[in-house]
Number of protein chains: 2
Amino acid sequence: MVDQLLDAALIEFAAHGYAGASTRAIAERAGAHQPQINYHFRSKEALWQAAVDRLFAELDAELGATPEVLGEDLLGRFASFVRAFVGFSARRPELHRIMNQESTADSPQLAWVVSRHIAPRIEVLSVAWSAVREAGAVADLDPAEVWELLIGFGALPYANAPLRRQLFGPVRADDVDRRAARLIALLAAGP
Amino acid sequence: MVDQLLDAALIEFAAHGYAGASTRAIAERAGAHQPQINYHFRSKEALWQAAVDRLFAELDAELGATPEVLGEDLLGRFASFVRAFVGFSARRPELHRIMNQESTADSPQLAWVVSRHIAPRIEVLSVAWSAVREAGAVADLDPAEVWELLIGFGALPYANAPLRRQLFGPVRADDVDRRAARLIALLAAGP
DNA sequence: GTCTATACCGAGATAGAC
DNA sequence: GTCTATCTCGGTATAGAC
């Protein structure tokens, strides 16, 4: 039941934001009654944190813990990381939906997820990108710009899939591959 | 008072989404009492629509009605459009905050804003981009990709400004100019 | 561990005095 | 046009039977 509540919570929080999602709707989606949430978790806030924790654990599993770009063939490893990131963002749009929902104003939720999940990953990405840059053959971008391109072009279209579908119709079968390739080309050649 | 309610509504809807924002908080921010909203507007829904209408009117004013890229010096005109778009997104982050909030699930709000505001602008952009492409010297991107780059790299960082500030600190004074230049380079040279 | 019942609060909307 | 008072509903959380 805990897993089903977490799954339902991700969908509802992603769709309506922390404030807009209701524990009633989450419980109903999970096939449970609303007080079950306060039994298995302390509060709505604790449920949100548990759901976000699980989401980032899934991300790490997909990326193979953290992107290992410190070996040889740096560019190839970085490209693999980009492909995995785009693939995950397409399969699990809830992560960036939740981040977009909670990044529009300072809140306890934003501070929590930044210190616990985002900041450490920014650190890893910055180190990795520096190594890739020193190996040459990539764009003259700072880590913040790389981050912005990954999120903005690699993940946002999936986070906003309902909008995108209304505008451009059904998603192509090779959408993830095409997008990852474009993104890698952007980061490799750059503006 | 109508204007003050609309201003307050934009901030609250942008921060917490349609479901998460409360008419009480909007009224308080505007220095009014909550029933004033139902007097000046029919409902919370009507208030949201009025606020979004005003936001897109501001966007059009900033862009000079619609981007006129059908004359000569196409690339220069398109670059001006990109700069104006990035500048507006930085000055008025509420637009993309609201769009991101409402694009995570199908809803009456999303259908309304797509048919009334987004789809017509996609149409204009597609025609304009086709003209620019035929004039040559730009990237081999389809209109959907251009749209995604404009939103994802040109607007999202401002929509998520609270997150960005926590990660990368205060925004540089020349942030808009740098970003617009990068974006123009991406669209001109492309991956 | 799961159910029903319910407390308590804040939500949007309306009525009517001024 | 703006105020106070209030209706009704849905929100989170808790109590207690099973």
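On a predicted model such as this, the values are computed, not experimentally measured, just so you know.
Side-chain atoms of B:Arg24 and base atoms of C:dG12 include a donor and an acceptor less than 3.5 Å apart. For a distance-only test at 3.5 Å, the side chain of B:Gln34 qualifies as a donor-acceptor partner of the base of C:dA13.
Residues A:Asp175 and A:Arg165 are not paired through a salt bridge, judged by the lack of any N-O separation under 4.0 Å between the basic side chain and the carboxylate. Between A:Asp177 and A:Arg83, none of the side-chain N atoms (NZ, or NE/NH1/NH2) sits under 4.0 Å from a carboxylate O, so this pair counts as no salt bridge. Using a cutoff of 4.0 Å between basic side-chain nitrogens and carboxylate oxygens, A:Arg29 and A:Asp7 are not scored as salt-bridged.
Protein atom CD1 of B:Ile37 is 11 Å distant from nucleotide atom P of C:dA11, rounded to whole Å. Here the P atom of nucleotide C:dA11 and the CG atom of B:Asn38 are 14 Å apart, to the nearest Å. Atom NZ of B:Lys44 is separated from atom P of C:dG10 by 16 Å (rounded to the nearest Å). Separating the NE2 atom of B:His33 from the C1' atom of C:dA11 is a distance of 17 Å, rounded to the nearest angstrom.
Both B:Met1 and B:Phe13 are members of a single hydrophobic cluster when ILVMFWY side chains are connected at heavy-atom separations under 4.5 Å.
Within 4.0 Å (heavy atoms only), B:Ala21 reaches sugar-phosphate atoms of the nucleic acid but no base atom. Counting any heavy atom pair closer than 4.0 Å across all strands shown, B:Ala25 reaches no nucleic acid atom.
Rounded to the nearest 0.5 angstrom, B:Glu94 CD and B:Gln101 CD are separated by 11.5 Å.
Read 5' to 3', the first and last nucleotides of DNA chain D with an atom closer than 4.0 Å to a heavy atom of chain B are D:dG1 to D:dA5.
A ring-ring contact (aromatic ring centres under 6.0 Å, His included) with B:His96 is found for exactly one of B:Phe85, B:Phe56, B:Phe153, B:Phe88, namely B:Phe85.
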